[in-house]
Peer 1: 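My questions will all concern the structure given below.
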Amino acid sequence: MNNELDVEVTLGYALPKGDKFEFVLQKACELGVHHIIPLSSKRCVVKLTKDKFNKKLPRYQKILKEASEQSGRNRIPSIEEVKTIKELKPYLKDYNLVAYEETAKQHEHGELFHTLQQLKAGDQLLIIVGCEGGFDGSEIQELNEMGVKCCSLGNRILRSETAPLYLMSVIGYSRELQND
């Protein structure tokens with residue numbers, strides 16, 4: 001039996017403080033993420049060098065493997081090395097969204113909904129979430145210039161570790177439960 005989402009979801013996640021990254025890895029895996037791209041952004045407190053990241057990589061891969069097994073997945077999500085916003089361009093997909101709190105403050109809630117309506121089986125989606133404090137305006141502009149669209153996650157501003165899980169849950173609902 002195939003227990004995977006019928007769309008391929010890549011999560012670009014700006015590195016949060018503490019062990020929140022490991023928590024999100026585990027839960028996003030359970031919710032069906034295919035690929036994870038750790039991001040280093042201007043507001044990230046955590047600064048992981050490639051050496052530091054590579055030392056933690058076996059632990060991250062173990063978390064993904066165990067979460068994949070526990071949730072009955074058919075595959076283990078891949079994890080990239082830490083990237084900057086500029087380095088995201090090769091990872092762009094059919095649909096590309098960044099959760100941006102200013103979009104929520106302006107009550108522009110349609111982009112996520114419209115994207116979910118357009119998704120078809122086999123499509124690829126990149127979702128990008130910032131760390132505590134969100135993305136700098138220049139980073140949002142850079143993402144927009146790459147074709148990434150800003151989306152709201154509703155009226156509330158979600159924590160860094162909640163936003164990717166909210167997105168994965170909404171995508172899962174949209175693709176699996178709503179379409180049954």
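Model, not experiment: these values are computed from the prediction. Hydrogens, waters and symmetry mates play no part in the numbers below; they use all other heavy atoms, side chains included.
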Peer 1: Report the distance from atom NZ of Lys83 to atom NZ of Lys89, rounding to the nearest 0.5 Å.
Peer 2: 16.0 Å
Peer 1: Residues in salt bridge (Lys or Arg N to Asp or Glu O under 4.0 Å) with Lys93, at least two apart?
Peer 2: none
Peer 1: Can you list the residues that meet the side chain to side chain contact (heavy atoms under 4.5 Å, CB included) rule with Thr84, with sequence neighbours excluded?
Peer 2: Lys86, Glu87
Peer 1: Would you find a donor on one side and an acceptor on the other, under 3.5 Å apart, between the side chain of Asn3 and the backbone of Asn74?
Peer 2: no
Peer 1: Taking all heavy atoms of Pro16 and all of Phe21, pick out the closest pair and write down the distance.
Peer 2: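 Distance-wise, the nearest heavy atoms are CG-N, 3.6 Å.
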Peer 1: Tell me, please, which residues at least two apart from Glu66 pass side-chain hydrogen bond (donor to acceptor under 3.5 Å, both in side chains).
Peer 2: none
Peer 1: Do His35 and Tyr91 make a side-chain contact, defined as non-hydrogen atoms from C-beta onward lying under 4.5 Å apart?
Peer 2: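 Not in contact.
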Peer 1: Tell me whether Ile76 is reachable from Phe23 by hopping between hydrophobic residues (I, L, V, M, F, W, Y) whose side-chain heavy atoms are closer than 4.5 Å.
Peer 2: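 Same hydrophobic cluster.
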Peer 1: Mind listing the closest non-hydrogen atom pair of Leu116 and Ser174 along with its distance?
Peer 2: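 Leu116 and Ser174 have their closest heavy atoms at CB-OG, 3.8 Å.
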Peer 1: Closest heavy-atom contact between Asp94 and Gly122?
Peer 2: OD2-O, 4.5 Å
Peer 1: Nearest heavy-atom pair of Leu64 and Cys29: which atoms, and what distance?
Peer 2: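 Closest pair (atom of Leu64, atom of Cys29, distance): O-SG, 3.5 Å.
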Peer 1: Does Lys20 have any side-chain hydrogen bond (donor to acceptor under 3.5 Å, both in side chains) partners at least two apart in sequence or in another chain, and if so, which?
Peer 2: Glu132
Peer 1: Got Val45 and Cys131 here, is their nearest side-chain heavy-atom distance under 4.5 Å?
Peer 2: no
Peer 1: Could you work out, with side chain to side chain contact (heavy atoms under 4.5 Å, CB included) as the rule, every residue matching Val82, not counting sequence neighbours?
Peer 2: Leu15, Pro38, Ser40, Leu48, Phe53
Peer 1: Applying salt bridge (Lys or Arg N to Asp or Glu O under 4.0 Å), can you list everything that pairs with Arg59, at least two apart in sequence or on another chain?
Peer 2: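 Result, salt bridge (Lys or Arg N to Asp or Glu O under 4.0 Å) vs Arg59: Glu22.
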Peer 1: List for me each residue that meets side chain to side chain contact (heavy atoms under 4.5 Å, CB included) alongside Asp136, sequence neighbours excluded, and say none if there are none.
Peer 2: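 Lys42, Arg43, Ser138, Glu139.
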Peer 1: Checking the side chain of Tyr13 only, and the main-chain atoms of Ser160 only, is there a donor and an acceptor separated by less than 3.5 Å?
Peer 2: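 It does hold such a pair.
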Peer 1: Please report the closest heavy-atom contact between Leu165 and Val24, naming both atoms and the distance.
Peer 2: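 Heavy-atom minimum between the residues: CD2-O, 4.2 Å.
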Peer 1: Got Arg75 and His34 here, is their nearest side-chain heavy-atom distance under 4.5 Å?
Peer 2: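 Answer yes - side chains close enough.
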Peer 1: Among all residues two or more places apart in sequence or in another chain, which pass the side-chain hydrogen bond (donor to acceptor under 3.5 Å, both in side chains) test with Glu81?
Peer 2: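 Residues passing side-chain hydrogen bond (donor to acceptor under 3.5 Å, both in side chains) with Glu81: none at all.
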Peer 1: Checking Glu69 now: which residues fulfil salt bridge (Lys or Arg N to Asp or Glu O under 4.0 Å) with it, not counting sequence neighbours?
Peer 2: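 Testing Glu69 for salt bridge (Lys or Arg N to Asp or Glu O under 4.0 Å), a comparison that skips the adjacent residues, returns Lys65.
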Peer 1: In the structure I gave you, are the side-chain heavy atoms of Leu88 and Leu143 within less than 4.5 Å of one another anywhere?
Peer 2: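 Counting from C-beta outward, Leu88 and Leu143 do come under 4.5 Å.
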Peer 1: Tell me, please, which residues at least two apart from Glu4 pass side-chain hydrogen bond (donor to acceptor under 3.5 Å, both in side chains).
Peer 2: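 Checked Glu4 against side-chain hydrogen bond (donor to acceptor under 3.5 Å, both in side chains); matches are Arg73.
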Peer 1: Count I, L, V, M, F, W, Y as connected when their side-chain heavy atoms are under 4.5 Å apart, and connections chain through other members. Are Leu57 and Ile63 then in the same cluster?
Peer 2: yes
Peer 1: Does anything in residues 111-130 pair up under side chain to side chain donor-acceptor pair (under 3.5 Å), and if so which pairs, sequence neighbours excluded?
Peer 2: Glu8-Gln124
Peer 1: Given side chains that start at C-beta, do those of Val7 and Leu125 come closer than 4.5 Å, heavy atoms only?
Peer 2: no
Peer 1: Once salt bridge (Lys or Arg N to Asp or Glu O under 4.0 Å) is applied, do any residues pair with Lys47, and if so which ones, sequence neighbours excluded?
Peer 2: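 So Lys47 forms no salt bridge (Lys or Arg N to Asp or Glu O under 4.0 Å) with any residue.
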Peer 1: Enter the distance from Leu39:CG to Leu11:CG here, rounded to the nearest 0.5 Å.
Peer 2: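 The CG atom of Leu39 sits 8.0 Å away from the CG atom of Leu11.
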Peer 1: Considering only heavy atoms from C-beta outward, does the side chain of Leu31 approach that of Val9 to under 4.5 Å?
Peer 2: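 A side-chain contact under 4.5 Å is absent here.
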Peer 1: So do the side chains of Lys55 and Lys52 get within less than 4.5 Å of each other, counting heavy atoms only?
Peer 2: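 They are not in side-chain contact.
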Peer 1: With rounding to the nearest 0.5 angstrom, report the OG1 to CG distance, Thr162 to Leu153.
Peer 2: 10.0 Å
Peer 1: Take Asn96 and Met146, measure what side-chain contact (heavy atoms from CB on, under 4.5 Å) needs, and give me the verdict at the end.
Peer 2: CA-CA 9 Å; Asn96 304 284; Met146 286 186 226; over 6 Å; no
Peer 1: Measuring only between side-chain heavy atoms, which start at C-beta, is Ile128 closer than 4.5 Å to Phe135?
Peer 2: yes
Peer 1: What heavy-atom pair brings Ala67 and Gln26 nearest, and what distance separates the two atoms?
Peer 2: CB-O, 3.6 Å
